[in-house]
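Since the structure is predicted, the reported quantities are computational estimates derived from the model, not experimental observations.
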Amino acid sequence: MGYYNEFGKFGDKFAAVSSEGITLTYRELEEYAKQIGQMIPARSLVFCFCKNVVGSMAGYLSFLYQRIVPLMIDAAINDVLAENLLEVYQPQYIYVPSELAGKYADMEEVHRQFDYVLLKTDFKRAYGLSDELGLLLTTSGSTGSPKLVRQSYTNIQSNAEAIAKYLEIDENERPVTTLPMNYTYGLSIINSHVLKGATILLSTGSIVSRDFWTFMKDQHATSFGGVPYTYEMLKKIRFFRMDLPDLKTFTQAGGKLPPEMHKEFAEYAVQNGKRFVVMYGQTEATARMAYLPYEKALEKYGSMGIPIPGGRFALIDINGNEITEPETVGELVYEGDNVTLGYAECGEDLAKGDERNGRLETGDMAKRDADGYFYIVGRKKRFLKLFGNRVNLDEIDGMIKREFEGLDCASDGTDELMKVYITDEKYAKQVEELITERTHINHTAFTVVVIDKIPRNESGKTLYKDLP
C-alpha cells in the first residue's frame, strides 16, 4: 500500500485549494478515485495533460490509487509532439483540460469533472505494462523525444517518504505550486505533501505576477520550490523585501544555483528565521537524491549536500573504481529505492522490469569535501538544464536537422546559455522560432550562431571544443 491508497484517512481536510477558488478535500479525492476506477480498467495507460489545477492533481492521484499508469505531459505541449507520443505509445485513454478536448473531438467522452475531460482513444493496440510500473515521465520532453522514464510504485513511495522526512513535512504545511506537475520536481512536492495530509495551493500564475503573491499571502503558503531561474526572478522582483510571515521553507533544485546566489538566499533565510534547502535530483531517481540541510545552507553554500534518507553516493574514476579521497573529482553514482526501472522508447518497453537494480550513474561529475558534503563540478553527458528543464543537446540537433534538410548544426553551451550553431544565415530566425515553439524554452536561454562550417574530425564527429 502506498500513500496514494490511503489519502482518504485525512477526511475533510483540504487536499487542494486552487487560485480559481476550487477546493478539494481528501474525502472528495478518494471518492473521485473510486469513480475513476469504475470507468478505467486497472493497468490501463492514460496520457494526463497537466496544469496546476484541481482536475490535474485529482486525476493523477486517482490513477495511482487505481493502478492506472499515467504519462504526465504538459497541457501546453506542441500538437505535433503530442501526436507523436500518442502514436508511439497508443494509450487507452487521455485526460485533458476541457478547453483542449476539442482537439480530440473524434474520441469518445467518458467523464467530465473539475474542468477536465476523460476521453477513450480508438487505438487498437494496448501495450503490456510491467506490474511494477506506476508512472511515466518524459526525460527532456521539450524536444518531443519518445524516451520516457519508468517509475515504479516503490520509487514514488520511497522518495515521497524521504523528502517528507528531511523537510520535516506535516499536515500543517501549505506549499504553493511554482513548478509544472509534469516536471519531476513539481510532482515530488505534491507526492511528499499528500503523504502527510498537507494542503496543496495550486496556482497557475507566474511568480512575477501580482496575483500569485496575493494568492500566496491570502492562503498563508508555508513553502515553495524553484529552479535556478525562479531564484533569478525572485531577486529581480525584490523578494528579500517582501513581508511573508507564513513562509517557513523554500527549496531549490533543477540545476546548480550559482554559489553567490546560493549564499545570498541562505543569508536571507538565516536573518529572517526561514529555511532554505538546496537539493539535487534527476527524473531517473524519481526526484531527489541529495539535500543540503538548512542549518548548513550558509556554511556549505555551493554544495548539493548529502544523500537523502535511505540513499548512498559514491564517486568513481574512469576505470570504475570508487574514489575515497576528499576533493577528488569523479562521476557521481547513486544507490537507493528511488532509482527508477529504466527507460522506455517504444510501447513494447512498457512491459520491461527493473533494469537498474537500484543503481544510477548520474552522468554528473562531482567531488566530496572532508565533511562528506558533495559538490557538482560538471557533466559527463551532453545535456544542459535551462530554467530547470533538462535539454538533451543531441535531441536539439536532431530536431533541427529533421526540420531543415541539409542544414548542418551543432549545439553546445552552459546552463546559463545554450548556443545553437548553424551554417546558413537564412535559417537563423526559423531555427530560433522552431526551438521556442517545440521546446517552450524561453528565447533568452539560447542563441543561434551562424558559422561557416561545423568543425569535425576525420570520422565526422563534431569537435565541440573547436566551436567559437
Query raised in the report: Taking C-beta and beyond as the side chain, do Asp246 and Arg174 meet within less than 4.5 Å on heavy atoms?
Result: no
Query raised in the report: To the nearest 0.5 Å, what is the distance between CG (Leu257) and CD (Glu264)?
Result: 9.5 Å
Report task. Can you label the angle between the Phe250 ring and the Phe239 ring as parallel, tilted or perpendicular, going by 30° and 60°? Result -> perpendicular
Query raised in the report: Counting N and O atoms only, with roles assigned by atom type, does the side chain of Asp170 sit under 3.5 Å from a partner on the main chain of Asn172, one being a donor and the other an acceptor?
Result: yes
**Report entry** Closest contact, heavy atoms only, Gly2 versus Gln157
**Finding:** CA-OE1, 3.2 Å
Query raised in the report: Between Val54 and Ser18, what is the shortest heavy-atom contact and its length?
Result: CG2-CB, 4.0 Å
Requested in this report: Mind checking side-chain hydrogen bond (donor to acceptor under 3.5 Å, both in side chains) for Tyr231 and listing every partner two or more places apart, or none if nothing turns up?
Outcome: none
Query raised in the report: Can you name the closest pair of heavy atoms from Cys48 and Pro70 and give their distance?
Result: CB-CB, 4.5 Å
Query raised in the report: By side-chain hydrogen bond (donor to acceptor under 3.5 Å, both in side chains), which residues pair with Gln92, not counting sequence neighbours?
Result: none
Query raised in the report: Say you draw a straight line from CD1 of Ile22 to CG of Leu202; how long is it, rounded to the nearest 0.5 Å?
Result: 9.5 Å
Requested in this report: Step by step, work out the side chain to side chain contact (heavy atoms under 4.5 Å, CB included) result for Thr230 and Gln252.
Outcome: CA-CA 9 Å; Thr230 311; Gln252 185 271 319; over 6 Å; no
Query - Qualifying salt bridge (charged side-chain N to carboxylate O under 4.0 Å, His left out) pairs, either residue in residues 50-72, two or more places apart - result: Lys51-Glu99
Query - No-hydrogen, no-angle side-chain donor-acceptor test under 3.5 Å, Tyr229 and Asn442 - result: no
Report task. Decide side chain to side chain contact (heavy atoms under 4.5 Å, CB included) for Thr214 and Asp218; before the verdict, give the C-alpha distance in whole Å, the side-chain angles of both, and the deciding distance to 0.1 Å. Result -> CA-CA 6 Å; Thr214 300; Asp218 288 349; 3.4 Å; yes
Query raised in the report: To the nearest 0.5 Å, how far apart are CZ in Arg43 and CG in Asp131?
Result: 6.0 Å
Query raised in the report: Can you name the side chain to side chain contact (heavy atoms under 4.5 Å, CB included) partners of Asn272, sequence neighbours left out?
Result: Tyr268, Lys274
Query raised in the report: Within a radius of less than 6.0 Å around CG of Asn5, do more than 12 heavy atoms belonging to other residues, nucleotides or ligands occur?
Result: yes
Report task. Please tell me if the side chains of Leu350 and Leu129 come closer than 4.5 Å, counting only heavy atoms from C-beta onward. Result -> yes
Requested in this report: Taking the side chain as every heavy atom from C-beta outward, state whether Lys235 and Phe265 have any pair of such atoms under 4.5 Å apart.
Outcome: yes
Query raised in the report: Thinking salt bridges, do Lys34 and Glu31 make one under a 4.0 Å N-O criterion?
Result: no
Requested in this report: State, yes or no, whether a side-chain contact exists between Tyr89 and Leu148 at a heavy-atom distance under 4.5 Å.
Outcome: yes
Requested in this report: Check for a donor-acceptor pair, side chain of Lys13 on one end and backbone N or O of Glu171 on the other, with a separation under 3.5 Å.
Outcome: yes
Report task. Report the relative orientation of the aromatic rings in His111 and Tyr32; use parallel for angles under 30°, tilted for 30 to 60°, perpendicular for over 60°. Result -> tilted
Report task. Indicate whether any N or O donor in one side chain lies under 3.5 Å from an N or O acceptor in the other, for Glu284 and Tyr343. Result -> yes
Query - Between Ser411 and Asp397, a side-chain donor and acceptor under 3.5 Å - result: yes
Query raised in the report: Short question: side chain of Thr121, backbone of Pro91 - any donor-acceptor pair under 3.5 Å?
Result: yes
**Report entry** Thr199 (side chain) donor-acceptor with Ala16 (main chain) under 3.5 angstrom
**Finding:** no
Report task. Report yes or no: do Ser209 and Asp211 form a side-chain donor-acceptor pair below 3.5 Å? Result -> no
Query raised in the report: Any salt bridge between Lys147 and Glu395, counting N to O under 4.0 Å?
Result: no
Query raised in the report: Quick one: ring pair (Phe, Tyr, Trp, His ring centres under 6.0 Å) partners of Tyr375, sequence neighbours excluded?
Result: none
Report task. Indicate yes or no for a side-chain donor-acceptor contact from Asn155 to the backbone of Val339 under 3.5 Å, with no hydrogens or angles considered. Result -> yes
Query - Side-chain (Ser203) to main-chain (Phe212) donor-acceptor, under 3.5 angstrom - result: no
Query raised in the report: Yes or no on side-chain hydrogen bond (donor to acceptor under 3.5 Å, both in side chains) for Thr251 and Tyr291, after CA distance, side-chain angles and deciding distance?
Result: CA-CA 9 Å; Thr251 64; Tyr291 74 104; over 6 Å; no
Requested in this report: Give a yes or no on whether a salt bridge exists between Asp12 and Arg27, defined as a side-chain N under 4.0 angstrom from a carboxylate O.
Outcome: yes
Report task. Would you please test Met279 and Ile308 for side chain to side chain contact (heavy atoms under 4.5 Å, CB included) and show each step? Result -> CA-CA 9 Å; Met279 309 183 295; Ile308 63 170; over 6 Å; no
Query - Pairs flagged by salt bridge (charged side-chain N to carboxylate O under 4.0 Å, His left out) wherever residues 365-378 is involved - sequence neighbours left out - result: Lys300-Asp369, Lys300-Asp371, Glu327-Lys367
Query raised in the report: Quick one: salt bridge (charged side-chain N to carboxylate O under 4.0 Å, His left out) partners of Glu173, sequence neighbours excluded?
Result: Lys248
Requested in this report: Could you give me the CA-CA distance, side-chain angles and deciding distance for Ile396 and Val391, then say whether side chain to side chain contact (heavy atoms under 4.5 Å, CB included) is met?
Outcome: CA-CA 8 Å; Ile396 292 289; Val391 176; 3.6 Å; yes
**Report entry** Ile163 side chain near Asn191 side chain, heavy-atom distance below 4.5 Å
**Finding:** no
Report summary line: From the list Leu64, Leu29, Val194, side chain to side chain contact (heavy atoms under 4.5 Å, CB included) partner of Tyr4 resolves to Leu64
Query raised in the report: Atom CG in Leu386, atom CE in Met418: separation rounded to 0.5 Å?
Result: 5.5 Å
Query raised in the report: Hey, are the side chains of Tyr166 and Pro293 touching, using non-hydrogen atoms and a 4.5 Å cut-off?
Result: no
**Report entry** Results of side-chain hydrogen bond (donor to acceptor under 3.5 Å, both in side chains) for Arg288 - residues two or more places apart only
**Finding:** none
Report task. Applying side-chain hydrogen bond (donor to acceptor under 3.5 Å, both in side chains), name anything that partners Glu232, two or more places apart in sequence or on another chain. Result -> none
Report summary line: By salt bridge (charged side-chain N to carboxylate O under 4.0 Å, His left out), Asp243 pairs with (sequence neighbours left out) none
Query raised in the report: Taking atom types as modelled, is there a side-chain donor on Tyr294 or Thr249 under 3.5 Å from an acceptor on the other?
Result: no
**Report entry** Residues that Asp412 engages under salt bridge (charged side-chain N to carboxylate O under 4.0 Å, His left out), provided they are two or more places apart
**Finding:** none
Report summary line: Those residues at least two apart in sequence (or on a different chain) that pass salt bridge (charged side-chain N to carboxylate O under 4.0 Å, His left out) with Glu267 are none
Query raised in the report: Is Tyr127 atom OH crowded by more than 12 heavy atoms from other residues, nucleotides or ligands, each under 6.0 Å away?
Result: yes
Query raised in the report: With Arg150, which of Leu137, Leu136, Thr340, Asp354 fulfils side chain to side chain contact (heavy atoms under 4.5 Å, CB included)?
Result: Leu136
